[in-house]
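Okay, structure first, notes after.
What you see is a predicted model; the values in this text were computed from it and never measured. We name chains A, B, ... by the order of the sequence lines, and we start the count at 1 in each one.
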There are 2 protein chains.
Amino acid sequence: MVSDADPITTERVPLSKTRVLEAAMGLADRTGIETLTMRNLAQELGVEAMSLYYHVANKEALLDGLVDSLLAEIEHERGDFEVVQDQAGWLPTMRNLILTARTVMLRHPWAPRVIESRTTMTPTLLRYFNALLGIMIEGGFSNDLGHHAMHALGSRALGFNQELFEPDNTDQGDEEAEAMMADLGPQLPYLMGMLAEVVHDDPDTTLGWCDDQTEFEFGLDLLLTGLEARRASR
Amino acid sequence: MVSDADPITTERVPLSKTRVLEAAMGLADRTGIETLTMRNLAQELGVEAMSLYYHVANKEALLDGLVDSLLAEIEHERGDFEVVQDQAGWLPTMRNLILTARTVMLRHPWAPRVIESRTTMTPTLLRYFNALLGIMIEGGFSNDLGHHAMHALGSRALGFNQELFEPDNTDQGDEEAEAMMADLGPQLPYLMGMLAEVVHDDPDTTLGWCDDQTEFEFGLDLLLTGLEARRASR
DNA sequence: ACCTGAACACCGTTCAAGT
DNA sequence: ACCTGAACACCGTTCAAGT
C-alpha cells in the first residue's frame with residue numbers, strides 16, 4: 001500500500017500523455033502490438049482504462065503518438081534532421097539517414113504495421129520527409145524528380161520494406177507450408193530451382209522470409225542508383 | 001416467406017466455401033474491409049454468424065481465402081500464369097504481368113491492407129511468384145539476382161505500393177492537415193517548395209496522396225531498369 | 001484537474017443442441 | 001451434413017459521478 005502522504009513513491013506520479021506513450025511503446029515492444037489494448041495499457045500503468053481517455057483522445061490518437069515517438073527516436077539517433085550534405089554527395093547522405101531510420105525500426109517490430117495503418121500526418125514525420133527531400137534538392141534534384149523519388153522509395157524511405165510473407169514462427173505453420181510446397185512443387189519449377197540454390201545455405205530461411213539487411217540494402221541501392229542516373233541525365 | 005417445398009427459390013441454395021468467399025469479397029468491395037465481420041457477412045448471406053464456421057475455420061482463414069480469390073482473378077485476367085516470353089525480352093513481359101495485377105488490385109481497395117496482414121502462403125500466390133521468377137530466369141537472370149529482385153520489388157510485384165499516408169477523405173482531416181502545414185511551414189522549406197511547384201496543378205492532391213498510375217510506373221521502371229543493368233553486366 | 005464504475009454496442013469463437 | 005442459440009471472453013468508448 002502506498003501512503004498518500006508520501007510523494008517520493010514513484011507509483012504516485014500522475015498520468016500524462018508522455019507517460020502513456022512511453023508505457024504504450026514498452027508494452028508493444030515487449031508483448032506485441034496485438035496486446036496493446038486500452039485495458040492492458042491501463043493495467044500496465046496501474047490505472048483504470050477510462051483514465052487514459054483523459055490524456056489521449058482515443059486509440060487512434062494513441063497510435064499516432066506512437067509513430068511520432070518513433071520518428072523522434074530516429075531524429076535523436078541521427079542528432080537532428082538538418083540537411084547537411086556528405087561531401088561524397090546526396091546519395092550516401094540519404095543512404096545513411098535511411099539506414100539510421102532502419103536501425104530504429106528494427107528495435108520496434110510493430111512499427112511497419114502501425115505506420116501503414118495510419119492516415120494522419122504528424123509534425124515529426126513532415127520534418128523527416130523534409131530532410132529527405134532537402135538532401136535530394138541540395139544534391140541537384142528537380143522538385144519533380146524529388147517528388148517521384150519519395151513515392152518510389154515508399155516505406156523504404158522510413159527504413160523498412162513491408163515483407164509480403166513473414167515467417168510463421170510456429171513449427172506448425174512451417175510444416176504446413178512445406179507440405180504445400182511439396183504438393184505444388186511440380187507446378188513451381190522456377191521457385192523450386194531458386195530455393196534449392198539460394199536458400200540451402202541458410203537452414204531457417206524459407207520462401208518469403210529473407211528480409212535481412214542485405215535484401216533491404218539491395219533494393220535501396222537499386223533505387224538510389226537509378227535516381228542518380230536520372231538526376232545526372234537531365 | 002420461402003416455401004420449404006420450393007427448391008427453385010435461390011434463397012435456398014446452401015452455403016459453401018465459395019459462396020462465403022464471394023459474399024465476403026462483395027461486402028469488402030462495397031462497404032470496406034472494416035465492415036467485413038463474421039456477423040455482417042452472415043447477415044449478408046441470410047444466415048447466423050455461427051454457420052460460417054462450418055465452411056471456414058475462422059476469420060484468418062476467410063481472409064486467406066480472399067487473397068487467394070484475388071490472385072485467381074489476376075490469373076484469369078492474364079489468361080494463365082504460364083511463362084511465355086514477350087519477344088522484346090523479360091522486362092516488358094514482367095512489366096505487363098505486374099500492371100495486370102495492378103488493374104485487379106485497383107478493383108479491390110482493401111487488398112493491400114489484407115495482403116500485408118497475412119503471413120500464410122497460398123497456392124495461387126506461389127504460382128504467381130513462380131511466374132514472375134520464371135520470366136526473369138528465362139530472361140537470363142541468375143537465381144540469386146532473381147531472388148534479390150523479388151525482395152526489391154516487394155508489394156510492387158503484386159501491383160500496389162503501400163502509400164505511407166493516404167488522403168483523409170473527410171474535409172475535417174484536410175483542414176487539420178493544412179493548418180499543421182501552415183504552422184510548420186517555416187521549418188519545412190524543401191517540402192513547401194516542392195508542393196508549390198509539383199502539386200499546384202492538381203487541386204485535390206495534397207502531400208502523401210499522389211499514388212496514381214504514373215508514380216507506380218515510375219517506381220516500377222526504376223527497379224526494372226536497375227535489374228536489367230545488373231543482369232546484363234554479369 | 002484528474003480518475004473511476006457501470007454500462008453500451010460491438011467483436012471472434014466454443015459448445016451443446018437442434019433438424 | 002448443415003445450421004443455430006446461448007454464452008464466453010474480449011474490444012473501444014460514453015457518460016455521469018466521484019475526489
* Asked: Which class fits the ring pair B:Trp110 and B:His108: parallel under 30°, tilted 30 to 60°, perpendicular over 60°?
  -> tilted
Provide a list of protein-nucleic acid N or O atom pairs under 3.5 angstrom, restricted to nucleotides 10-12 of chain C.
unit_1 : atom_1 : unit_2  : atom_2 : d
C:dC11 : N4     : B:Arg39 : NH2    : 3.4
C:dG12 : OP1    : B:Met38 : N      : 3.4
C:dG12 : OP1    : B:Lys59 : NZ     : 3.0
C:dG12 : OP2    : B:Met38 : N      : 3.1
C:dG12 : N7     : B:Arg39 : NH1    : 2.4
C:dG12 : O6     : B:Arg39 : NH2    : 3.1

Residues 51-58 of chain B, side-chain donor-acceptor partners within the protein, below 3.5 Å, at least two apart:
unit_1  : atom_1 : unit_2  : atom_2 : d
B:Ser51 : OG     : B:Glu48 : O      : 3.2
B:His55 : NE2    : B:Leu15 : O      : 3.3
B:Asn58 : OD1    : B:Glu60 : N      : 3.3
B:Asn58 : OD1    : B:Ala61 : N      : 3.0

* To do: Respond yes when some side-chain nitrogen or oxygen of A:His55 is under 4.0 Å from OP1 or OP2 of C:dC3, and no when none is.
  => yes
* Asked: Which heavy-atom pair separates B:Ile98 from B:Ala157 by the least distance, and what is that distance?
  -> CG1-O, 3.7 Å
* Check whether any side-chain nitrogen or oxygen of B:Tyr54 sits under 4.0 Å from OP1 or OP2 of D:dC2, and answer yes or no. => yes
* Structure fact -> Separation of D:dA1 atom C1' from B:Met50 atom CE, nearest Å, is 19 Å
* Is a side-chain N or O of A:Asn161 found less than 3.5 angstrom from the main chain of B:Ala152, in a donor-acceptor match? -> no
* Asked: Taking only residues two or more places apart in sequence, or in another chain, which ones meet B:Tyr128 in a ring pair (Phe, Tyr, Trp, His ring centres under 6.0 Å)?
  -> B:Phe81
* Structure fact -> All stems that DNA chain D takes part in, i.e. 3 or more consecutive Watson-Crick or G-U pairs with distances under 3.5 Å, are C:4-8 with D:12-16, C:12-16 with D:4-8
* Asked: Out of D:dC3, D:dT14, C:dC3, which has the shortest distance to the side chain of B:Leu15?
  -> D:dC3
* Inspect the contact between B:Arg102 and B:Glu77 and indicate whether a charged nitrogen and a carboxylate oxygen are less than 4.0 angstrom apart. => no
* **Phosphate-side-chain proximity, B:Ser51 and D:dT4, N/O vs OP1/OP2 below 4.0 Å** => yes
* Indicate yes or no for a side-chain donor-acceptor contact from B:Arg127 to the backbone of B:Thr122 under 3.5 Å, with no hydrogens or angles considered. => no
* **Nucleic acid contacts - residues 41-48 of chain B versus DNA chain D, non-hydrogen atoms under 4.0 Å** => B:Val47, B:Glu48
* **DNA chain D contacts among residues 20-32 of chain B, heavy-atom distance under 4.0 Å** => none
